[in-house]
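These numbers come from the heavy atoms of this one structure, side chains and all, not from hydrogens, waters or symmetry mates.
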Amino acid sequence: MIAYLGRIVHDNDAESKLDDDVSSISKSLDLQGSIENGDVSSLASKDFGGLYSVKPLFLIKPSGAEDISRVVKLASRTSNLTVAARGNGHSINGQAMAEGGLVIDMCSTEKNHFEFLPINGSHYIDVSGGALWEDVLTRCVSRYGYAPRSWTDYLSLTVGGTLSNAGVSGQAFRYGPQTSNVTELEVVTGKGELTVCSETLNSELFFGVLGGLGQFGIITRARIKLQQAPDMVRWIRVVYSEFEEFTRDAEFLVTQKEGESFDYVEGFVFCNNDDPFNGWPSVPLDPGHEFNPTHISQTAGSVLYCLEVAFHYRNSDHPTVDTVTIFFFWFFH
């Protein structure tokens, strides 16, 4: 089988020949999932960055970790055959591509794992590495009233994808990035071995894979820490014209103890103009709120700074959210 695939890699036969090869390889590997030709128009040839477009040999749609293990094991024994795990394709420099190689579509495994686990008074969720964070968050909150402690701004990303980077957002100042909120991983190593790892079990692999940019293995399952989801959230954006004031307030908020500050703190920069994507219209929280540029200082430069903060509360909390909001309004003014 290895020699046969080698001939395919170096052969320039017609597409009809590749169709036969797809079927043959799938049967030889005993895959439960499917294989598609790496046509240049397929999702496997592109990513979010749009800088590169390369044609893989095949796009693998695995049914689970065992399929991924078989594919990686084959590639590890085959000369010059590369493998790339592709989440939702949000890499920017072709990291999820494999020219003339094999691209594994991790999203095809997104529903493989979803198990709520109360362990020693804490709560976790076991999810597939190919699951999207938006689906994990929605299902955790709607079914159990819990949510991951840390996530990213953009939620249409896979669990394995962000854990292979860091996963940073407005909760990171309190709970750390997503990589700090994982207790166990199931990983397919570069040799195709399916391995479970944690801080105490295969710890070198565990810490190598987290933030390892996919160079130490493919995450097929992750155990994520949860916390009780709030009933409601007060969401505020504060705009600054002076960078020093913006950073001063941000540093103050992220150094306060839990319960004495916001639960979410993040900053960003936007243009001081009416550009619909980068200027004033991009700041309001919803279409019913319009940014009023007349409040901007006459000395403001070409860019403005915004602190985005959120306060989580439960219906039973005291003081009420309105009282807390009044305090924070006073703080920012």
Begin from the C-alpha positions of Tyr154 and His90 and carry the test ring pair (Phe, Tyr, Trp, His ring centres under 6.0 Å) through to its verdict. CA-CA 10 Å; Tyr154 184 68; His90 281 268; 5.0 Å; yes
Is the charged tip of Arg143 near the ring of Phe116: under 6.0 Å from the six-membered ring centre and within 45° of its axis?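 No, cation not above the ring by the 6.0 Å, 45° rule.
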Do [X] and [Y] come within less than 4.5 Å of each other through their side chains, counting heavy atoms only?
{"X": "Ile218", "Y": "Met106", "value": "yes"}
{"X": "His123", "Y": "Tyr144", "value": "no"}
{"X": "Trp151", "Y": "Thr162", "value": "no"}
{"X": "Asn93", "Y": "Tyr52", "value": "yes"}
{"X": "Val265", "Y": "Arg174", "value": "no"}
{"X": "Val233", "Y": "Tyr264", "value": "no"}
{"X": "Tyr124", "Y": "Ile224", "value": "no"}

In terms of heavy-atom contacts, does CZ of Phe268 have more than 12 from other residues, nucleotides or ligands at under 6.0 Å?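 Buried by this count: over 12 neighbours within 6.0 Å.
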Taking CD1 in Ile92 as the centre, count heavy atoms belonging to other residues, nucleotides or ligands within less than 6.0 Å. Is the count above 12?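 Result for CD1/Ile92: open.
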Checking side-chain polar atoms at under 3.5 Å, does [X] have a donor or acceptor matched by the opposite partner on [Y]?
{"X": "Thr195", "Y": "Thr189", "result": "no"}
{"X": "Thr152", "Y": "Trp133", "result": "no"}
{"X": "Trp280", "Y": "Asp275", "result": "no"}
{"X": "Ser156", "Y": "Asn88", "result": "no"}
{"X": "Ser198", "Y": "Glu184", "result": "no"}

Ion pair Asp231/Arg314, N-O distance below 4.0 Å: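 Arg314 and Asp231: salt-bridged.
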When the ring planes of Phe246 and Phe243 are compared, do they come out parallel, tilted or perpendicular, using 30° and 60° as the limits?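 It falls in the tilted class, 30° to 60°.
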Measuring from atom [atom1] of [X] to atom [atom2] of [Y], what distance do you get when rounded to the nearest 0.5 angstrom?
{"X": "Ile236", "Y": "Glu308", "atom1": "CD1", "atom2": "CD", "result": "11.0 Å"}
{"X": "Asn272", "Y": "Asn278", "atom1": "CG", "atom2": "CG", "result": "12.5 Å"}
{"X": "Gln178", "Y": "Ser150", "atom1": "CD", "atom2": "OG", "result": "5.5 Å"}

For the backbone of Phe114 and the side chain of Arg139, can you confirm whether one donor and one acceptor N or O come within less than 3.5 Å of each other?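 Such a contact is absent between Arg139 side chain and Phe114 backbone.
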Without swapping roles, check the side chain of Glu193 against the backbone of Lys191 for a donor-acceptor pair under 3.5 Å.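 No: the side chain of Glu193 does not pair with the backbone of Lys191.
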